Amino acid sequence: VQLQASGGGLVQAGGSLRLSCAASQINFSIYTMGWYRQAPGKERELVANINRVYRTNYADSVKGRFTISRDNAKQMVYLQMNSLKPEDTAVYYCNARDIIVVWGQGTQVTVSS
């Protein structure tokens, strides 16, 4: 089982980024897919997730700014991040959860003020 995240980078405050996560070797459609983030010196936290029936859940800090989506045919999950703030700076991780939990490698998002 593999998750490959991409799309991170450096952006100015107010800008946008789109993260992508490609899954392989899993029955993708049954998994709850999520994005987590970890800032320096802080614990990893849930940003957003989307379950098998496309129900979404967001951290209060990103509601209205971030949108999670999935494409089961392509086995992809996305995180559209708009109106980025410096406090969104973190390493972002893709996650797949069902009976087992799988983590992808992180992708760095840096938002400059």
Side-chain angles (χ1 to χ4, degrees):
V1 179
Q2 291 185 331
L3 299 175
Q4 183 72 35
S6 61
L10 173 64
V11 63
Q12 289 187 332
S16 298
L17 282 174
R18 188 194 195 206
L19 304 184
S20 300
C21 177
S24 60
Q25 301 178 28
I26 64 171
N27 185 2
F28 182 82
S29 64
I30 70 172
Y31 280 77
T32 292
M33 300 301 299
W35 289 97
Y36 288 70
R37 67 186 180 188
Q38 188 167 18
K42 295 187 177 181
E43 294 186 354
R44 190 172 298 188
E45 63 175 0
L46 174 68
V47 176
N49 60 24
I50 182 168
N51 69 8
R52 67 176 72 184
V53 294
Y54 296 87
R55 180 174 296 172
T56 59
N57 176 50
Y58 295 92
D60 288 343
S61 59
V62 307
K63 283 181 180 176
R65 300 188 298 122
F66 291 10
T67 302
I68 189 170
S69 60
R70 66 189 296 162
D71 185 332
N72 287 347
K74 295 181 179 180
Q75 299 199 121
M76 297 287 294
V77 62
Y78 306 99
L79 185 68
Q80 178 66 44
M81 305 186 294
N82 299 328
S83 302
L84 282 160
K85 304 175 180 180
E87 51 263 45
D88 295 318
T89 295
V91 178
Y92 284 70
Y93 297 90
C94 180
N95 168 275
R97 176 169 55 85
D98 188 64
I99 295 175
I100 63 172
V101 179
V102 183
W103 291 95
Q105 95 294 354
T107 185
Q108 176 71 46
V109 172
T110 303
V111 184
S112 62
S113 57

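Since this is a predicted model, take the numbers as computed values, not measurements.
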Presence of salt bridge, K85 and D88, under 4.0 angstrom: no
hydrophobic_cluster_shared for V47 and V11, side chain cutoff 4.5 Å: yes
Rounded distance (nearest 0.5 Å) linking atom CD of Q75 with atom CD of Q2: 12.0 Å
S6-Q4 side chain donor-acceptor pair, cut-off 3.5 Å: no
T89 backbone acceptor or donor facing T110 side chain under 3.5 Å: no
Interatomic distance, L79 atom CG to T107 atom OG1 [nearest 0.5 angstrom]: 11.0 Å
Reported OG1-to-CG distance for the pair T32 and D98, which is rounded to 0.5 angstrom: 7.0 Å
Side chain to side chain contact (heavy atoms under 4.5 Å, CB included), paired with R37, selected from L19, L46, V109, V62: V62
N/O donor-acceptor pair under 3.5 Å between Q105 side chain and A5 backbone: yes
Pairwise distance OH(Y78) to CG(D71) - rounded to 0.5 angstrom: 5.0 Å
Path from L17 to M33 over hydrophobic side-chain contacts below 4.5 Å: yes
Spacing of CE belonging to M81 relative to CZ belonging to R18, to within rounding of 0.5 Å: 11.5 Å
Check: N51 main-chain N/O paired with R70 side-chain donor or acceptor under 3.5 Å: yes
Nearest atoms (heavy-atom pairs only) where S113 meets A13: CA-CB, 4.3 Å
Side-chain heavy atoms of W103 within contact of R44, under 4.5 Å: yes
Distance in Å, N49 CG paired with N95 CG, rounded so as to fall on 0.5 Å steps: 8.0 Å
Minimum heavy-atom distance R52-S29, with the two atoms named: CB-O, 3.4 Å
Cluster link V102 to F28, ILVMFWY, side chain under 4.5 Å: yes
Heavy-atom pair of closest approach, residues C94 and V77: SG-CG1, 3.8 Å
Joint cluster assignment, Y31 & V101, ILVMFWY side-chain distance < 4.5 Å: no
Heavy-atom pair of closest approach, residues I26 and A96: CD1-CB, 4.4 Å
Heavy-atom pair with the smallest gap, counting every atom of S16 and Q80: CB-NE2, 4.0 Å
Heavy-atom donor-acceptor pair, Y58 side chain to I68 backbone, under 3.5 Å: yes
Y93-I100 co-clustered via ILVMFWY side chain contacts under 4.5 Å: no
Parallel, tilted or perpendicular: rings of Y92 and F66 (30°, 60°): tilted
Exam field: side chain N27 to backbone I30, donor-acceptor pair closer than 3.5 Å: no
Smallest separation among heavy atoms of A23 and L3, with atom names: CB-CD2, 3.5 Å
